[in-house]
Protein chains: 2
Amino acid sequence: MRGKSTTPRKLPTQTRSRQTVATILEAAAQVLMRNGYDRTTTNLVAEKAGVSIGSLYEYFPNKEALVAALASAHIDELIARIDNALQISEEETPSSFVGALIRAGLDAHRVNPALHKVLVEQVPRIGGLAESLDIQTVLQQKIEHGLHERSPHLPPTRARMIALVLETCIEALTHRAIVEKPDWLETGEIEAEAQLLLEPYFQGAL
Amino acid sequence: MRGKSTTPRKLPTQTRSRQTVATILEAAAQVLMRNGYDRTTTNLVAEKAGVSIGSLYEYFPNKEALVAALASAHIDELIARIDNALQISEEETPSSFVGALIRAGLDAHRVNPALHKVLVEQVPRIGGLAESLDIQTVLQQKIEHGLHERSPHLPPTRARMIALVLETCIEALTHRAIVEKPDWLETGEIEAEAQLLLEPYFQGAL
DNA sequence: CAATAATCCGAGTAAATACTCAGCTTCTCA
DNA sequence: TGAGAAGCTGAGTATTTACTCGGATTATTG
């Protein structure tokens, strides 16, 4: 057994305890963002949340479960955003398709970037979370699916490769922009540059 | 003072001690790759190296210094490889320039990938190492420099953006390929796909 | 061949921290 | 309304682990 169980020890049934759990999660996010995973101690989280350490362990069997719960909620929100961004523009021009993908990637990165950073950079070693935190794969599969709808004649191997390239570059450029020049997200500079890069590739690949 | 000092406590002067240091570093790399940073204990490294824990602390003031020494050596090798790959092909066609960049990125990733992974994913939080481990910036600056030589008329802002895009995508695609399908590095599939993506962008951007 | 320096040893220390548990308080519902 | 359930408490435990230090062993040097 490599990773510990992350299933809750007890389910909060009363309103009071549900509030406690919410408070703990909120505090955990704060501490995690401020200190990183290693320097996040369960005692500190409890203190920050204004509950006793015992209460924390009433609902989370261990530290990993706490982070896992946080990550799970974050992922749900991310995927919702991506779905939203992809569905809004259902027009059929390649240009708008690429544009929608880029916007989806950018949107996803606007959901609590600080927490995202910690989760991505430090949490992957937590068993079981690595895969589910992997937005990459989720987005890639959506792209692959979209490709197949638009061009059924495309060989599956080819579709997978194109999806991988599109997803990888969008993700990487967005992430890089955030780290290097957060302004670029607002000015749309990155969006434009990504379009410049990916549209010709996409057109040529079809 | 955020990070601890990583300067050696004592320099090994005799041959015996230099051998000891080498053995310790080798063992550290092994343990780091197998266990990750957190599960790497100094005692375990010493044991694996066949020296006492006291000897380890004779030359490395703390755990971070040990990892820092390892990272430093790794970085030197990486940069040497990149320089090499870039200098070999000094021909002037845009196609070969892009090809050389891609090959440089791929080559860099062939230097002890397992160690690289650990260092990149888990070590950045070690103060001072984050920047120097940042191959990104090194490669980007080399690209920027190359661009300026080839096209002096190009506005500096534009050159920086192009370099950023090229570097980011090469790095990301290579990294992704390693994780997803290590074979692609050998078959040249990734190399070809990257060329397909980046050459039109590069030509259009000039 | 001393005497001094360099190297090595490893049991032991100190500190950090994940997690427990016995008992108290608050809530629910028959 | 009272008995049992749910929730809360926090001092204390157990474990892990980075790091020390007094002393033994080996190398150098005058």
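Naming: A, B, ... by sequence-line order, numbering from 1 per chain.
Between A/K48 atom NZ and C/dT17 atom C1' there is a gap of 18 Å when expressed in whole angstrom units. Rounded to whole Å, atom C1' of C/dG10 lies 16 Å from atom CG of B/L44. Across the protein-nucleic acid pair, B/R18 atom CZ and C/dA6 atom P stand 13 Å apart, rounded to whole Å. One atom, CG of B/N43, and another, P of C/dT13, lie 15 Å apart when rounded to the nearest Å. Atom pair A/N62:CG and C/dT20:C1' shows a separation of 14 Å (rounding to whole Å applied). Regarding A/R39, its CZ atom lies at a distance of 14 Å from the C1' atom of C/dT17, rounded to whole Å. Taking atom NZ on A/K63 and atom C1' on C/dA16, their separation rounds to 11 Å, with Å as the unit.
Within 4.0 Å of A/F60, counting heavy atoms only, lies no atom of the nucleic acid at all.
For DNA chain D, the outermost nucleotides in 5' to 3' order that have an atom under 4.0 Å from a heavy atom of chain A are D/dA6 to D/dA11.
Checking B/Q19 against B/T23 by side-chain atom types alone, a donor-acceptor pair falls below 3.5 Å.
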CA sep, side-chain torsions, deciding dist, call: A/L197, A/L173, side chain to side chain contact (heavy atoms under 4.5 Å, CB included): CA-CA 11 Å; A/L197 170 74; A/L173 284 173; 4.1 Å; yes
Does the side chain to side chain contact (heavy atoms under 4.5 Å, CB included) test come out yes or no for A/E171 and A/L139, once each step is laid out? CA-CA 10 Å; A/E171 157 69 26; A/L139 188 45; over 6 Å; no
Decide yes or no on side chain to side chain contact (heavy atoms under 4.5 Å, CB included) for A/E193 and B/Y201, but give the supporting numbers first. CA-CA 10 Å; A/E193 202 69 21; B/Y201 168 76; 2.6 Å; yes
What verdict does the side chain to side chain contact (heavy atoms under 4.5 Å, CB included) test give for A/Q141 and A/H145, after you've listed the backbone C-alpha separation in whole Å, the side-chain angles of each residue and the deciding distance to 0.1 Å? CA-CA 6 Å; A/Q141 279 168 357; A/H145 183 255; over 6 Å; no
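Shown for residues 50-58 of chain A: residues whose heavy atoms fall under 4.0 angstrom of DNA chain D, namely A/V51, A/S52, A/I53, A/G54, A/S55, A/E58. Annotation: proximity of residues 20-29 of chain A to DNA chain D (heavy atom, distance under 4.0 Å) is found for A/T20, numbered in ascending order.
Salt-bridge check for A/R110 with A/E77: failed, with every basic side-chain N at 4.0 Å or more from each acidic carboxylate O.
Distance alone, capped at 3.5 Å, places no donor-acceptor pair between the B/E191 side chain and the B/G99 backbone. Without hydrogens or angle criteria, A/E167 side chain to A/V138 main chain gives no donor-acceptor distance under 3.5 Å. Without hydrogens or angle criteria, A/S72 side chain to A/A68 main chain gives no donor-acceptor distance under 3.5 Å.
When all heavy atoms are compared, the tightest approach of B/V111 to B/H116 is O-CB, 4.4 Å.
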Summary of protein contacts for nucleotides 25-30 of chain C, nucleotide by nucleotide, where a base hit scores B, a sugar-phosphate-only hit scores S (4.0 Å, heavy atoms): -SSS--
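Rounding to the nearest 0.5 Å gives a distance of 7.0 Å between NZ of A/K48 and CD of A/Q30.
Taking B/T187 as the reference, B/W184, B/E189 meet the side-chain contact (heavy atoms from CB on, under 4.5 Å) condition, with sequence neighbours excluded.
The stretch residues 47-69 of chain A participates, sequence neighbours left out, in no ring pair (Phe, Tyr, Trp, His ring centres under 6.0 Å) pair at all.
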